[in-house]
Amino acid sequence: MRLSAYFLPTLKENPAEAQIASHRLMLRAGLVRQASAGIYSWLPLGHRVLNKISDIVREEQNRAGALEMLMPTIQSAELWEESGRYDGYGKEMLRITDRHDRPMLYGPTNEEQITQIVRDNVRSYKDLPLNLYHIQWKFRDEIRPRFGVMRGREFLMKDAYSFDVSVDDARTAYRKMFVAYLRTFERLGLKALPMAADTGPIGGDMSHEFVILAETGESAVYCHRDLIELPAPGDEVSYHDDLTLVIEPYISGYAATDEKHDQAAFEADVPADKRVEARGIEVGHIFYFATKYSEVMKASVATPDGQNVTLHCGSYGIGVSRLVGAIIEASHDEDGIIWPWSVAPFQVGLINLKVTDEGCNNVCEDIYSRLTALGVDVLYDDRDERAGGKFSDMDLIGCPWQAVIGPRGVEAGEVEIKNRATGEKETLPLEAAMDRLASAPPEKK
RNA sequence: CGGGGCUUGGCGCAGUCUGGUAGCGCACCUGGUUUGGGACCAGGGGGUCGCAGGUUCGAAUCCUGCAGCCCCGACCA
């Protein structure tokens with residue numbers, strides 16, 4: 001993409017309303033603009049990131065056997081009256097009325113809707129297991145939206161719903177999502193720690209929050225240091241196998257958010273030098289809720305012996321729009337964002353220092369077209385601006401690699417590349433630079 | 001929803017106490033000089049001062065009401 005033809009309104013100064021780093025940087029780097037409290041428009045650059053995250057989430061859901069679909073944002077109140085949540089959900093639910101005075105609502109979640117679909121269309125145990133998901137906008141009328149997209153009222157979320165004939169099968173579905181989540185966050189460049197979460201009245205060990213560590217996290221978290229070092233399951237993991245042992249290492253050590261934290265247990269379970277007390281941002285939540293909705297909404301299937309059994313269900317959320325903020329919280333410096341390679345809106349920022357110089361233009365065009373042909377997303381700053389502004393904007397936007405083309409380098413047949421994360425600069429012959437720019441830069445220690 | 005604060009050009013702010021017809025920096029446009037980390041000179045465009053009433057000869061400024069937004073708390077992907 002040529003910057004001269006792009007829409008990228010960056011801000012030199014910090015907007016007064018933005019308090020935390022990700023919010024400030026998302027506004028300054030031209031990712032979003034606020035429409036009203038907790039509601040944002042996604043500008044082209046931010047939209048690219050949102051899509052990149054969605055794509056990774058989608059790929060890992062599909063790999064785990066979940067099926068993508070799409071349910072509406074607007075739901076009928078009738079459905080929620082059936083599950084008994086219409087009155088119970090409270091003011092967080094945005095209630096609206098259509099022209100016929102029928103009560104509707106902007107969905108804060110989709111358990112009722114998916115349960116209805118499954119109830120009406122799945123009759124036999126032979127159709128199970130089933131895990132359906134969608135990536136859709138939700139609305140929760142938070143009392144106090146804050147922190148930009150991290151705590152917005154409107155937010156993009158991946159929510160999956162599993163349906164099985166037994167608790168055992170539901171456990172299997174749960175483990176698949178557990179593994180899929182580890183892999184997803186790993187690919188997003190995040191270290192997400194599964195933490196035992198409140199299971200409510202159902203009990204058991206079938207609820208985990210996935211939390212990433214960040215200084216500005218909303219809640220305090222406590223865990224065993226070794227958990228942070230655990231690598232995510234690799235490509236060799238098969239979702240057809242029993243995943244119990246695969247999951248074991250992740251759930252055996254101490255890990256809790258402040259609401260579930262037990263200081264005595266923490267000190268008893270974890271040696272002093274292994275205790276990590278940090279802050280975290282919840283980016284995913286998986287849980288098994290048994291027959292909570294299938295019971296009241298009468299979702300059942302016939303078993304081999306002709307009986308009817310109520311479905312066992314789980315739901316699995318990932319806060320896609322929140323992740324944009326969370327990733328920035330986990331990866332930025334005083335100059336701007338530092339995108340992980342996998343979600344960077346553009347992986348290479350190509351800076352032409354002198355657009356009036358034919359040599360610079362030729363080298364830039366060459367690099368731009370060749371990298372693009374290799375599938376690398378390049379943002380080419382071909383604006384007739386001063387060098388300082390270009391450097392600052394590029395640091396702010398946070399492309400993992402920067403390639404700087406100026407008359408000096410062109411003369412010498414060299415390109416200066418900069419690793420945004422480490423700040424390390426290298427001057428290389430053109431071909432050597434090309435090789436570097438086509439793959440992820442070495443990470444900061 | 002309780003407590004606090006804010007609302008003046010695209011962004012950041014001053015002016016409000018003590019009423020006199022709107023200003024600064026950045027950004028934007030034009031011309032020139034510049035050009036490897038947010039240049040300089042000259043000229044220029046852009047604001048019903050959140051909205052609605054009221055007081056007054058006169059209101060950004062005083063009074064009343066309303067709205068929006070931000071921060072702290074309870075609540076949450």
Side-chain angles (χ1 to χ4, degrees), chain A residues 9-20 23-24 27-28 30 33-39 53 57 89-93 107-110 135-160 181 185 192 197-198 207-212 217-219 257 259 280-287 315-326 335-336 351-357 360 381 383-396 402-412 414-416 418 423 425 427:
Chain A
T10 57
L11 305 172
K12 198 190 281 190
E13 293 176 88
N14 284 320
E17 74 269 17
Q19 298 298 311
I20 63 166
H23 191 192
R24 273 201 308 272
L27 291 167
R28 286 192 51 206
R33 284 295 181 266
Q34 179 167 310
S36 51
I39 302 177
I53 294 173
V57 169
Y89 212 92
K91 291 189 172 177
E92 278 196 2
M93 185 153 77
T109 178
N110 293 74
I135 297 175
Q136 177 64 294
W137 292 92
K138 310 281 190 292
F139 195 93
R140 293 185 193 170
D141 201 357
E142 297 281 342
I143 295 167
R144 184 156 92 86
R146 62 187 120 170
F147 306 145
V149 301
M150 296 252 288
R151 186 73 183 284
R153 292 195 291 172
E154 187 183 53
F155 55 98
L156 186 61
M157 179 175 170
K158 185 285 300 181
D159 42 327
Y181 274 40
F185 295 124
D198 208 349
S207 177
H208 287 88
E209 285 180 9
F210 286 75
V211 171
I212 68 165
E218 286 193 78
S219 50
T257 59
E259 49 193 19
I281 301 166
E282 185 186 346
V283 289
H285 195 166
I286 61 177
F287 60 98
S315 79
Y316 315 89
I318 290 180
V320 176
S321 51
R322 162 178 280 197
L323 272 165
V324 179
D335 295 322
I351 297 177
N352 185 342
L353 284 178
K354 195 166 186 180
V355 297
T356 51
D357 182 293
C360 287
D381 191 345
R383 297 173 302 172
D384 188 6
E385 294 286 338
R386 301 177 61 78
K390 293 191 172 198
F391 287 129
S392 299
D393 269 351
M394 210 52 97
D395 283 345
L396 177 62
Q402 290 173 16
V404 181
I405 310 303
R408 280 198 323 238
V410 168
E411 189 83 12
E414 290 175 335
V415 173
E416 180 185 299
K418 173 178 158 181
K425 294 176 190 168
T427 301

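Chain identifiers are assigned alphabetically (A, B, ...) following the order of the sequence lines, protein sequences preceding nucleic acid strands; residue numbering begins at 1 within each chain. Computed over heavy atoms, backbone and side chain alike; hydrogens, waters and symmetry mates excluded.
At whole-Å resolution of the value, NZ in A/K91 and P in B/C76 are 16 Å apart. Look at CZ on A/R151: it is 11 Å from P on B/C72, rounded to the nearest Å. Residue A/F139 contributes atom CZ, which lies 14 Å from atom C1' of B/C76 at whole-angstrom precision. Going from atom CG of A/D381 over to atom P of B/G37 covers 15 Å, rounded to whole Å. Distance CD (A/Q19) to P (B/G4): 19 Å, rounded to an integer number of Å. Per the geometry, NZ belonging to A/K418 stands 12 Å off C1' belonging to B/G36, to the nearest Å.
With a 3.5 Å ceiling on both atom-pair distances, B/G47 lacks any Watson-Crick or G-U wobble partner. Here B/C76 sits opposite no nucleotide as a Watson-Crick or G-U wobble pair (both hydrogen-bonding atom distances under 3.5 Å). Pair assignment for B/U30 gives B/A42, based on Watson-Crick or G-U wobble hydrogen-bonding distances that are each under 3.5 Å. With a 3.5 Å ceiling on both atom-pair distances, B/G36 lacks any Watson-Crick or G-U wobble partner. With a 3.5 Å ceiling on both atom-pair distances, B/A22 lacks any Watson-Crick or G-U wobble partner. The partner of B/U64, taking Watson-Crick or G-U wobble pairs whose two distances both stay under 3.5 Å, is B/A52.
Nucleotides B/A77 and B/G10 are separated by 33 Å at their C1' atoms, to the nearest Å. The C1' atoms of B/A60 and B/U48 are separated by 12 Å, rounded to the nearest whole Å.
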List, with names and distances, any nitrogen or oxygen atoms from the protein found under 3.5 Å away from nitrogen or oxygen atoms belonging to nucleotides 30-35 of chain B.
residue, atom, partner, partner atom, Å
B/U34, O2, A/R386, NH1, 2.8

Under 3.5 Å between N/O atoms: give me all the protein pairs with nucleotides 12-15 of chain B, atom names plus distance.
residue, atom, partner, partner atom, Å
B/G12, OP1, A/A16, N, 3.1

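Centroid-to-centroid, the aromatic rings of A/F210 and A/H208 stay 6.0 Å apart or farther.
Other residues, nucleotides and ligands place no more than 12 heavy atoms under 6.0 Å from the NZ atom of A/K354.
The aromatic ring of A/F391 does not sit over the base of B/G38; the criterion of centres under 5.5 Å apart with planes under 30° is not met.
Screening A/D395, A/V404, A/I351 for a side chain to side chain contact (heavy atoms under 4.5 Å, CB included) involving A/K390 leaves a single residue, A/I351. Just one residue in the list A/R140, A/E92, A/K138, A/E142 forms a side chain to side chain contact (heavy atoms under 4.5 Å, CB included) with A/R153, and that residue is A/E142.
Using a 4.0 Å heavy-atom criterion, one finds that A/G409 contacts the bases of the nucleic acid, with or without backbone contacts as well.
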query: Under the salt bridge (Lys or Arg N to Asp or Glu O under 4.0 Å) criterion, do A/K12 and A/D393 qualify, and how do the steps go?
result: CA-CA 9 Å; A/K12 198 190 281 190; A/D393 269 351; over 6 Å; no
